[in-house]
Amino acid sequence: KGKYYESITMSNQGLIGTGKFEYMTSWGRSENIMFHPDSMYAVLSEFEIQKQLTGIEYPQVNSADNNIIFYPYQDELVVYTGSKPFTILNDSTFLDGNLILTSKGLEGSGRMDLTNSVLVSDNFKYQTYAFNSDTADFRLKSLNTDGFTLVTDNVNAHVDFESRSGLFQTNEEFSLVEFPENKYVSRLDLFVWNMDKTELEMGVKSGGEGT
């Protein structure tokens, strides 16, 4: 399921490679690849996942200085954040966390930093130009300070960079929403985010009332 190019050395230290490997739409280069019967370990100087639009979708990902573990019999490549976060989906979106690449798609965990917001989750699922999370914490960055203008936790999130929008729905009856700059707290269950206008529409889809 993976391909390896260039040199291999076998000694009492093991089976060690220096070169380039490919798996699915990804490739990486390393000076230290350790091959085992059921897995491969490496420290990468550079790593890339090339975007795929048809079939199983994959976003564009670029990174460097990553530790990886490849489990070919489990159809799984685990990639850990290196000296800098992953650049993912576009040039202004970053993931500080880990990625798992398989033939069924790309998943991740950690902190997603977008131009105007931050999402934290243990389970991101990525498409070419979008990502989803069934459980995430959402922070909308302030336009005036280094802090946040909105803070809410435990939401189902869908962010689409083609439509330039985000949809967030609470996983509970209502979510507690904090507005730190306004020193205000409300209970809402639906948020629609317009990235370009930096606007967030908030409401109560269940028919209740926010307070």
Side-chain angles (χ1 to χ4, degrees), residues 24-26 47-63 77-79 81 84-143 147-179 186-207 210:
M24 304 299 299
T25 67
S26 76
F47 175 73
E48 179 182 15
I49 299 175
Q50 298 175 336
K51 66 181 177 183
Q52 181 168 293
L53 297 167
T54 59
I56 303 298
E57 294 186 9
Y58 297 96
Q60 182 71 33
V61 178
N62 295 93
S63 190
L77 174 67
V78 182
V79 189
T81 291
K84 296 181 180 180
F86 297 99
T87 302
I88 186 167
L89 292 152
N90 56 60
D91 292 339
S92 58
T93 304
F94 307 94
L95 171 68
D96 188 358
N98 306 319
L99 290 172
I100 299 177
L101 177 65
T102 73
S103 60
K104 296 180 180 179
L106 180 67
E107 298 183 5
S109 62
R111 172 181 166 131
M112 291 280 297
D113 269 279
L114 288 67
T115 302
N116 298 317
S117 67
V118 172
L119 288 99
V120 178
S121 176
D122 291 331
N123 187 16
F124 291 114
K125 296 182 183 296
Y126 298 97
Q127 298 168 290
T128 309
Y129 297 114
F131 69 90
N132 302 283
S133 175
D134 57 8
T135 307
D137 299 336
F138 176 65
R139 309 286 187 264
L140 188 65
K141 295 179 182 179
S142 172
L143 298 177
F148 299 109
T149 190
L150 180 146
V151 175
T152 188
D153 296 335
N154 192 20
V155 295
N156 186 300
H158 173 73
V159 177
D160 191 320
F161 287 98
E162 282 195 304
S163 64
R164 303 292 296 164
S165 65
L167 176 64
F168 308 95
Q169 301 182 69
T170 178
N171 287 316
E172 302 175 5
E173 185 176 356
F174 292 102
S175 279
L176 184 66
V177 183
E178 298 179 43
F179 300 86
S186 180
R187 291 187 180 274
L188 302 165
D189 63 7
L190 178 66
F191 312 89
V192 180
W193 177 37
N194 186 311
M195 296 184 194
D196 295 329
K197 293 182 178 180
T198 61
E199 292 179 352
L200 190 69
E201 297 180 22
M202 295 168 283
V204 185
K205 65 182 177 64
S206 59

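Residue numbers count from 1 along this sequence.
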For this session: Starting from the C-alpha separation in whole Å, work towards a yes-or-no answer on side chain to side chain contact (heavy atoms under 4.5 Å, CB included) for Leu150 and Val177.
Result: CA-CA 7 Å; Leu150 180 146; Val177 183; 3.8 Å; yes
For this session: Check the pair Met112 / Val159 against side chain to side chain contact (heavy atoms under 4.5 Å, CB included), numbers first and verdict last.
Result: CA-CA 11 Å; Met112 291 280 297; Val159 177; over 6 Å; no
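With sequence neighbours excluded, the residues that form a ring-ring contact (aromatic ring centres under 6.0 Å, His included) with Phe124 are Phe131. Legend: residues meeting side-chain hydrogen bond (donor to acceptor under 3.5 Å, both in side chains) with Ser109, ordered by chain and number and at least two apart, are absent. Here Asp160 pairs with nothing under the side-chain hydrogen bond (donor to acceptor under 3.5 Å, both in side chains) rule; sequence neighbours left out. Evaluation of the salt bridge (Lys or Arg N to Asp or Glu O under 4.0 Å) rule for Asp196 yields Arg164 as partners, not counting sequence neighbours. For Glu57, the side-chain hydrogen bond (donor to acceptor under 3.5 Å, both in side chains) partners are Thr128, not counting sequence neighbours.
Between the side chain of Thr81 and the backbone N or O of Asp96, no donor-acceptor pair lies under 3.5 Å. A donor-acceptor pair under 3.5 Å links the side-chain atoms of Asp137 to the main chain of Asn154, judged by distance alone. Between the Arg139 side chain and the Thr152 main chain, a donor and an acceptor come within less than 3.5 Å of each other.
Leu99 is listed as a side-chain neighbour of Ile88, based on a closest heavy-atom distance under 4.5 Å. Taking the side chain as every heavy atom from C-beta outward, Leu53 and Tyr129 approach each other to under 4.5 Å. Put simply, the side chain of Leu95 reaches to within 4.5 Å of the side chain of Tyr126, judged on heavy atoms. With a 4.5 Å cut-off on side-chain heavy atoms, Ser133 and Leu119 do not count as touching. Counting heavy atoms from C-beta on, the side chains of Lys141 and Leu114 never come closer than 4.5 Å. The shortest distance between side-chain heavy atoms of Met195 and Phe161 falls below 4.5 Å. Taking 4.5 Å as the limit, some side-chain heavy atom of Asn116 sits within range of a side-chain heavy atom of Trp193. Between Ser103 and Ile56, every side-chain heavy-atom pair lies at or beyond the 4.5 Å cut-off.
Just one residue in the list Asn132, Leu89, Leu106 forms a side-chain contact (heavy atoms from CB on, under 4.5 Å) with Gln127, and that residue is Asn132.
For residues 118-127, the pairs satisfying salt bridge (Lys or Arg N to Asp or Glu O under 4.0 Å) are Glu107-Lys125, with sequence neighbours left out.
The two residues Phe86 and Ser63 make their nearest non-hydrogen contact at CD2-CB, 3.5 Å. When all heavy atoms of Glu48 and Gln60 are compared, the closest pair comes out as OE2-NE2, 2.7 Å.
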